[in-house]
Amino acid sequence: MMTISSILRRYSGLKKLFKKMKNYKLQTLIGCISTKDQLSQILKYCNSRCLAVVPQGGNTGLVGGSVPVFDEVIINTRRMNSIISFDETSGVLVCEAGCILENLISFLDKKGFIMPLDLGAKGSCQIGGNVSTNAGGLRLVRYGSLHGTVLGLEAVLANGDVIDMLGTLRKDNTGYDLKHLFIGSEGSLGIITKISILTPPKLSSVNIAFLACQDYVSCQKLLFQAKRRLGEILSAFEFLDAQAMNLVLNHLDSVRNPLPSSVYNFYVLIETTGSEESSDKEKLEAFLLHAMESGLVSDGAIAQDFNQASSFWHIREGVPEALMKAGAVYKYDLSLPVEKMYDLVEEMRIRLGEKANVVGYGHLGDGNLHLNISAPQYDDSLLAQIEPFVYEWTSRHRGSISAEHGLGLMKAEKIFYSKASGTVQLMASIKKLLDPSGILNPYKVIPTSLLS
Ligand code: S2G
Ligand code: ZN
């Protein structure tokens with residue numbers, strides 16, 4: 001495999017390189033970039049010739065944010081995958097953007113720490129991509145957003161300038177905190193090359209409960225109680241409806257229903273993470289007893305061992321895979337007021353009738369609904385019944401049309417459903433300031449019409 005640096009040395013003009021590249025899988029060829037200096041050289045060259053580039057990490061995104069639209073150069077960061085430092089006192093990890101999330105989780109596990117985020121795609125997603133999309137994941141309810149846990153970044157701008165914001169301090173009030181511009185900008189303002197992130201200590205007592213509720217109001221009330229009765233040990237609060245559960249049971253092998261005695265309308269997965277096994281378990285059991293006695297929970301199980309805990313998580317994390325196996329799927333990743341969230345699922349069911357299977361699941365703990373509409377095949381008339389209804393409904397309820405998956409290519413033009421036009425204009429001004437030639441991830445995040 002030729003490396004980009006050898007090609008850059010051999011070819012004075014990147015244009016000639018393209019002729020060579022046409023015969024290669026662009027990603028394989030570009031994947032050899034392994035230093036910020038190489039990246040800076042490539043961007044400087046591309047910028048000087050208005051050659052568009054697409055930054056790409058693990059390519060696990062769901063809105064087309066890391067794939068080329070036309071003939072953009074793919075710059076894959078997978079070779080920038082070193083751990084630079086880890087401070088075992090503060091828990092601050094400094095690493096390169098191409099580190100795979102699961103590898104960081106394993107590295108930290110040996111040190112007695114954990115990553116503050118956990119995603120179903122951890123086996124292939126890269127931390128640089130997680131940060132550039134401000135990924136949420138399964139534990140945001142406990143550890144917060146990457147805007148809180150990322151302490152610093154290094155990024156390369158379109159003109160090749162390397163911006164060193166790689167602080168490792170919890171508190172630093174010296175000027176504008178520019179790293180936040182890059183967190184969630186999906187590679188449209190600069191390409192992240194290094195991250196410093198605050199990692200929580202790994203605690204010894206983790207308990208998982210898988211519960212059944214008869215209605216959505218009970219799920220809401222259960223969340224209210226969990227935040228008060230479990231308090232600081234609550235580390236995940238996920239929900240899935242019966243439709244999601246049925247898809248998992250029908251499409252994933254080796255998954256069995258932990259609560260088979262009846263068919264329930266909703267399931268809730270609660271995880272607690274603390275330091276005192278006995279008192280944590282007592283707290284969870286007391287919470288569940290109160291929930292059962294008050295009728296919020298119809299049935300439930302607490303995992304008795306690691307395998308059972310994994311099987312509970314496998315159900316929740318298996319929903320996206322089951323949806324893919326079921327056929328065509330229209331995905332909507334929405335932030336909504338918790339009390340309203342499931343109304344949209346029910347209204348969508350009325351709207352679509354027998355045409356599709358409407359599924360609701362997600363991170364109830366942080367008000368993030370994954371509304372997925374499953375159908376035998378993609379169908380424009382079905383899509384016309386879904387959009388713009390789903391966006392208008394979300395906007396009417398002051399929700400976000402993208403809670404954690406980002407806007408990418410698929411939702412860039414939908415940004416106005418969740419952001420005021422003046423705000424989007426300011427975003428466009430910042431984009432034009434940092435990338436005047438518009439070479440970084442074009443057609444993504446910001447409506448193209450604002451950038452011409
Ligand atoms: C989840 C995963 C991606 C998807 O399950 O929490 O964010 O397919 C999703 O919806
Ligand atoms: Zn999610």
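Each ligand, and each atom within it, is numbered from 1 in the order the structure gives.
Under the 3.5 Å distance criterion, with hydrogens and angles disregarded, a donor-acceptor pair is assigned to the side chains of E404 and H370. Using a 3.5 Å distance cut-off with no hydrogens or angles, the side chains of Y332 and E387 do pair a donor with an acceptor. Using modelled atom types and a 3.5 Å distance limit, the side chains of D215 and S218 yield a donor-acceptor pair.
Near K331, the atoms of ligand 1 lying under 4.0 angstrom from a non-hydrogen atom of the residue are 4 (C), 8 (O), 10 (O). Listed by number with element, the atoms of ligand 1 under 4.0 Å from a non-hydrogen atom of H370 are 1 (C), 6 (O), 7 (O), 9 (C).
With a heavy-atom cut-off of 4.0 Å, L62 touches ligand 1 through its side chain alone. With a 4.0 Å heavy-atom cut-off, ligand 1 is reached by the side chain of R316 but not by its N, CA, C or O.
Using a 4.5 Å heavy-atom threshold, the side chains of L140 and H363 count as separate. In this structure the side chain of L138 reaches within 4.5 angstrom of the side chain of W313, judged on heavy atoms. A 4.5 Å side-chain heavy-atom check between F182 and M165 finds at least one atom pair inside the cut-off.
Sorting the N, O or S atoms of E404 by how far they are from the Zn ion (ligand 2) puts OE2 first.
The shortest heavy-atom distance from E404 to ligand 1 is under 4.0 Å. Ligand 1 has at least one atom lying under 4.0 Å from a heavy atom of H363. Heavy atoms of H405 come nearer than 4.0 angstrom to ligand 1 in at least one pair.
The nearest protein atom to atom 10 (O) of ligand 1, hydrogens excluded, is given as Y361 OH, 3.0 Å; this is a heavy-atom distance. Nearest protein neighbour of atom 2 (C) of ligand 1, counting heavy atoms only, is P320 CG, 3.9 Å.
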Item to check | Verdict with supporting geometry, S261 and D299, side chain to side chain donor-acceptor pair (under 3.5 Å) | outcome: CA-CA 9 Å; S261 57; D299 195 355; 3.1 Å; yes

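Annotation: Y267 is not in aromatic contact with Y361 [ring centroid separation under 6.0 Å not met].
Note on H370: counted as a metal contact of the Zn ion (ligand 2), an N/O/S atom lying under 2.8 Å.
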